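For reference, the structure I am asking about is given below.
Indexing begins at 1, ligand by ligand and atom by atom, following the structure's order. We use all heavy atoms of the structure for the numbers below, so side chains are in, but hydrogens, waters and symmetry mates are not. Just so you know, these numbers come straight off a predicted model, no measurement behind them.
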Amino acid sequence: MSTPVAETKENGSKENGSLEEAQQDGATQWMGGTQGLDEPEFDVNVKLADLQDDPNNPLYSAKSFDDLNLRDELIRGLATMNFRKPSKIQERALPLLLKNPPQNLIGQSQSGTGKTAAFVLNMLSRVDLNNKAPQCLVLAPTRELAKQIAGVATIMGTFLLEKGLRIAEAIPQSVPRGAQLEGQVVVGTPGTTMDMIKRRQLDVRAMKVLTLDEADNMLDMQGMGDQCKRVKNLLPKTIQVVLFSATFPPKVLEFADFFAPHANQITLEVEQLTVKGIKQMYLDCSTDEEKYNALVKFYGLMTIASSIIFCHRRDTAAEIERRMTAEGHKVAMLSGALEGQERDRVFNEFRTGLKKVLITTNVLSRGIDIQTVTLVINYDIPETYGGKPDFETYLHRIGRTGRFGRTGAALSFVHDKKSWANLMAICEHFKVEPTKLETDDWDEVERKLKAIMKNKRNDEALGLAKEEAMAD
Ligand SMILES: Nc1ncnc2c1ncn2[C@@H]1O[C@H](COP(=O)(O)OP(=O)(O)OP(=O)(O)O)[C@@H](O)[C@H]1O
């Protein structure tokens, strides 16, 4: 089945697929990424090479990083990271981002396809190392994501650090009150960044690039939209505005046009949004309480590298943590109820593999990149304030697995008419058919799950993953 090609507004060039050298896993090892992967490294490499040779796959690319006009130090940085070939979004976005005079960009691509590297490379290409003043600002919705992006910029810019590059974080308590935030690249959350600018801790006069990661979320007027707008108003008028996300609902896209006027756009059709490596399933429970029993049962059945359980409410997350801990499970819980440093501690325990299960809320639904996560559980189906299905959050949550060509599974729990109807609406929206699992026959659940996991592995081993990717 052929798929509509992602739309590039501007000089939408089509790729002509030359076979490139097989690419290895571009693992972010410094973040504990590859350790504990439950798939042999060999399989991951073979699969990634296949995917990157398939023109219908989001990881496909006809170019090499050498063709993208990057600073030599950045090419070396990419090699250190084991990034052999750009992904589709990197190949398309970088020429548009790096053109002079700078132009705005709205960029969309599936979760886990390397948007971070695209916008970090733009910033690190544009930074003037002879000037110590802040020049590039990235805003992200959470401290965890801001820190992760700062980490990627630091490692990608390794060879620029010795030439004076500094990366700074504008998150609560990152600098003492009254002290100056120093770094040419600043990554922050919108509220703290706003405060720092107002208190003159962050000098914005030399700013030339503003990037919003998870831009649809950041521009949401019920959320952080107002703060982002206010930050932008304090920056030089000539700033290059770069917006990236896996999702841009039409309403936000309209507003994004105001925020990033005359932007080049790389967008996707809704049916292109799901990542094929993520197997979607749901478990039919009869009551809310049965969901908890099913959760515990499920962990008894499966050996999983790492997993994330998403709940709607903080108190549900805390309650599941309490009960699972009491039953001897080693779990971590992170919600917005925790203070910053506690959040860092919990998150690091999960990122480094000390805890294999993370129970959380939508606070971590976006952007977090931990390659060992092979299972995402929607304990509650994501819904909007009005109780309607939340399509975008579903996509971002399940996108915490299946990163850059890896395989993963997403299991959603339904327990009443509403949760069932919301899940069905979400699946209909993205045109996916989830596999149903039932709680009255756990032998059957185990059999199906093992078959799903085993089939995927066999497909990959036989090179059949290509066929599946072609159908995306
Ligand atoms: N060209 C590349 N080669 C190999 N690995 C890559 C490449 N680009 C990115 N990666 C890896 O892919 C993973 C996902 O990248 P990233 O976090 O940027 O995804 P994303 O598109 O921003 O996802 P999300 O929409 O969930 O935020 C990271 O672990 C990153 O190191």
Give yes if a backbone or side-chain nitrogen or oxygen of R403 is under 3.5 Å from a nitrogen or oxygen of ligand 1, and no if not. yes
Can you list every pair that meets salt bridge (charged side-chain N to carboxylate O under 4.0 Å, His left out) and has a residue in residues 391-401, with sequence neighbours left out?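 Counting only pairs at least two positions apart or across chains, no salt bridge (charged side-chain N to carboxylate O under 4.0 Å, His left out) contact touches residues 391-401.
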Can you check which of L121, D213, T116 brings a heavy atom nearest to atom 18 (O) of ligand 1?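 Shortest heavy-atom distance from atom 18 (O) of ligand 1: T116.
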Using distance alone, determine whether P86 and ligand 1 share an N or O pair under 3.5 Å. no
Going by heavy-atom distance to atom 29 (O) of ligand 1, choose the closest among I370, D369, V120. D369
So for F65, does at least one of its heavy atoms come nearer than 4.0 angstrom to any atom of ligand 1? yes
Within a strict 4.5 Å, meaning less than it, do heavy atoms of the M156 and F83 side chains meet? yes
How long is the gap from CG on L161 to CG on L129, to the nearest 0.5 Å? 9.5 Å
When only distance counts, is S111 in polar contact with ligand 1, meaning an N/O pair under 3.5 Å? no
Distance filter under 4.0 Å to E214 heavy atoms, resulting ligand 1 atoms: 27 (O)
What atoms of ligand 1 come within less than 4.0 Å of a heavy atom belonging to R400?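 So the atoms of ligand 1 that pass are 26 (O).
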Please check if any side-chain donor atom of D257 sits under 3.5 Å from a side-chain acceptor atom of Q265, or the reverse. yes
Below 4.0 Å from ligand 1: does a non-hydrogen atom of M81 turn up there or not?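 Contact check M81 vs ligand 1: negative.
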In ligand 1, which numbered atoms sit nearer than 4.0 Å to a non-hydrogen atom of T113?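 Atoms satisfying the 4.0 Å criterion: 19 (O), 20 (P), 21 (O).
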Between T247 and H396, do the side chains contain a donor N or O and an acceptor N or O under 3.5 Å apart?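 Side-chain D/A pair, H396 to T247: present.
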With a cut-off of 4.0 Å, which atoms of ligand 1 are near a heavy atom of K85?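 Here the atoms of ligand 1 in question are 1 (N), 2 (C), 3 (N).
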Going by the angle between their ring planes, with limits at 30° and 60°, are Y394 and F430 parallel, tilted or perpendicular? parallel
G399 versus ligand 1: do any nitrogen or oxygen atoms come within less than 3.5 Å of each other? no
Could you check which of Q90, K115, Q110 puts a non-hydrogen atom nearest to atom 20 (P) of ligand 1? K115
Does K232 make a cation-pi contact with F259 (under 6.0 Å, within 45 degrees of the axis)? yes
Can you list every pair that meets salt bridge (charged side-chain N to carboxylate O under 4.0 Å, His left out) and has a residue in residues 371-380, with sequence neighbours left out? K291-D380
I would like to know whether E383 and K388 meet salt bridge (charged side-chain N to carboxylate O under 4.0 Å, His left out); could you show each step before the answer? CA-CA 5 Å; E383 58 180 51; K388 296 258 164 21; over 6 Å; no
